[in-house]
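A quick note: this is a predicted structure, and the numbers were derived from the prediction, not measured. Per chain, numbering begins at 1; letters A, B, ... match sequence-line order.
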Protein chains: 2
Amino acid sequence: MVDHESRIQKRNKDSIMNAALEIFSMYGFRGATVDLIANACGLSKPNLLYYYQTKEQIHIELLSQLMDSWLAPLREIDENGDPFSEIMGYVSRKLHMSKTLPRESRLFANEIIQGAPRINHVLQNDLKTLVDEKALVIQKWIDEGLIAKVHPHHLIFSIWSLTQHYADFDVQVQAVLVNEDPFENAESYLETLFSKLLTI
Amino acid sequence: MVDHESRIQKRNKDSIMNAALEIFSMYGFRGATVDLIANACGLSKPNLLYYYQTKEQIHIELLSQLMDSWLAPLREIDENGDPFSEIMGYVSRKLHMSKTLPRESRLFANEIIQGAPRINHVLQNDLKTLVDEKALVIQKWIDEGLIAKVHPHHLIFSIWSLTQHYADFDVQVQAVLVNEDPFENAESYLETLFSKLLTI
DNA sequence: CTTTAGTTTTACCAGTTGGTAAAATATAAA
DNA sequence: TTTATATTTTACCAACTGGTAAAACTAAAG
């Protein structure tokens with residue numbers, strides 16, 4: 001009971017993180033309340049605070065638990081692979097994450113739109129390092145004449161914005177595409193877009 | 001004094017709307033407080049509530065005041081103009097709005113990410129109608145062989161996401177591009193992207 | 001200058017917020 | 001079964017929340 005979590009602890013912590021994801025992704029940090037999270041996972045507020053001492057701690061814990069898996073698709077880009085399939089694979093993985101993990105996408109979107117007060121340092125260190133590294137790989141591919149000349153950083157931004165849009169702005173997309181599955185046509189639209197963009 | 005606002009009324013209402021934009025765009029509806037808005041415009045809370053009766057009224061008023069100007073760039077697309085310059089003009093106008101009106105962009109982003117509870121009907125009526133109308137124009141251009149075959153709705157979504165990204169996710173973009181003006185390269189990047197996408 | 005209407009402040013309220021203390025209960029080890 | 005530990009509940013608190021009432025002040029019309 002000293003160096004590992006009990007079954008109860010694991011179950012409750014997982015349940016709290018799931019509820020926190022639900023609430024924080026819907027309302028942002030300031031708009032979320034501990035009571036809302038507690039209700040969402042069926043615990044009393046003091047019981048929840050027995051596992052995580054403050055609202056901010058829950059939020060930080062949640063963000064850092066998700067950060068790695070959020071950046072994983074970018075990490076997977078292999079400089080020794082085929083440039084086209086590497087980039088298209090990244091687009092495809094990001095789009096798939098928007099489809100299967102929309103709450104996570106909105107959690108990060110809320111945090112960043114609201115100024116990222118709790119993950120600014122992660123953006124400036126881990127994220128910047130990773131992006132700069134992959135931008136160099138893209139630049140190398142350009143220099144080798146394997147893909148068209150595009151601004152590497154903006155290429156990455158455009159992949160983020162285009163794929164995450166379907167999760168973050170889901171309500172708007174759904175309002176316009178009433179009886180259509182957005183992701184069905186998004187996949188082929190983005191394939192065309194990046195294919196044309198990167199072809200020399 | 002009956003059918004027009006006094007100078008004091010106009011000054012205070014404008015000042016409140018400006019402060020409300022500042023606060024709501026930073027924290028979303030639930031995260032914003034009347035006190036924060038009141039402090040931001042140097043009025044006492046009861047004084048502010050003398051001009052707008054509730055927090056929700058301020059928010060709704062703000063959103064509806066901005067909605068028209070927010071959709072204006074799309075409205076300007078002229079079906080009788082040159083398809084390329086019409087679409088590139090739209091991209092350019094949207095990007096310019098992200099640069100000059102980032103708070104407005106984040107206000108809408110916050111509202112939509114959080115489920116658009118207060119403007120869902122606008123999305124489903126005004127926005128959908130306008131988008132469908134312009135999608136038809138784009139489809140016409142495609143049918144006439146003037147631009148490449150792309151999914152019109154997704155083309156519009158991609159213009160939204162790519163341009164608004166620079167306002168909404170500004171903190172993230174700045175974290176990566178530390179000493180660079182994002183908009184300088186964004187303009188030419190997006191020009192290249194849409195040019196390649198739409199060329200047959 | 002006085003009256004009236006418009007504006008601002010002061011004092012307040014009930015409900016919510018993040019969080020705590022301590023008692024009560026459940027679990028598991030000896 | 002006893003004991004120690006882990007978990008949950010109850011009762012609470014000070015600060016903040018959206019909002020109100022009414023008094024005090026200001027500006028403008030007659």
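Here the P atom of nucleotide C/dT25 and the OH atom of A/Tyr50 are 17 Å apart, to the nearest Å. B/Leu49 places its CG atom 13 Å from the C1' atom of D/dA21, with the value rounded to the nearest Å. Across the protein-nucleic acid pair, A/Lys55 atom NZ and C/dT17 atom C1' stand 8 Å apart, rounded to whole Å. Regarding A/Tyr51, its OH atom lies at a distance of 10 Å from the P atom of D/dT9, rounded to whole Å. Atoms CD1 (A/Ile16) and P (C/dG18) sit 15 Å apart, rounded to a whole Å. Atom CG in A/Leu36 sits about 8 Å away from atom P in C/dG18, given to the nearest Å. Distance, B/Arg30 CZ to C/dT17 C1': 11 Å, rounded to whole Å. The separation between B/Ile8 atom CD1 and C/dT9 atom P is 12 Å, rounded to whole Å.
Ring-centre distance between B/Tyr166 and A/His154: below the 6.0 Å cut-off. Aromatic ring centres of A/His59 and A/Tyr52: separated by at least 6.0 Å.
Linking Ile, Leu, Val, Met, Phe, Trp and Tyr residues whenever their side-chain heavy atoms come within less than 4.5 Å leaves B/Ile60 and B/Val34 in two separate clusters.
Note on A/Ser44: a side-chain N or O is less than 4.0 Å away from OP1 or OP2 of D/dT9. Of the side-chain N and O atoms in B/Asn47, one or more sit less than 4.0 angstrom from OP1 or OP2 of C/dT9.
Candidate nucleotides D/dA11, C/dG6, D/dT7 were compared by shortest atom distance to the side chain of B/Gln9, and C/dG6 ranks first.
Across the interface with DNA chain D, nearest-nucleotide mapping of A/Gly42 and B/Asp35 shows A/Gly42 to be the residue nearer the 5′ end. Nearer the 5' end of DNA chain C, as judged by each residue's closest nucleotide, is the contact made by B/Asn12, out of B/Asn12 and A/Gln53.
One can find a donor-acceptor pair under 3.5 Å joining the base of C/dG18 and the side-chain atoms of A/Lys45.
No contact: A/Tyr52 has no heavy atom under 4.0 Å from any strand. Note on A/Ala32: only backbone sugar-phosphate atoms sit closer than 4.0 angstrom, heavy atoms only; bases stay farther off. If you check every strand for non-hydrogen atoms under 4.0 Å, A/Thr33 touches sugar and phosphate atoms only.
A side-chain donor-acceptor contact under 3.5 Å links A/His153 and A/Asp132.
When the salt bridge (Lys or Arg N to Asp or Glu O under 4.0 Å) test is applied to B/Glu86, no partner is found at least two apart in sequence or on another chain.
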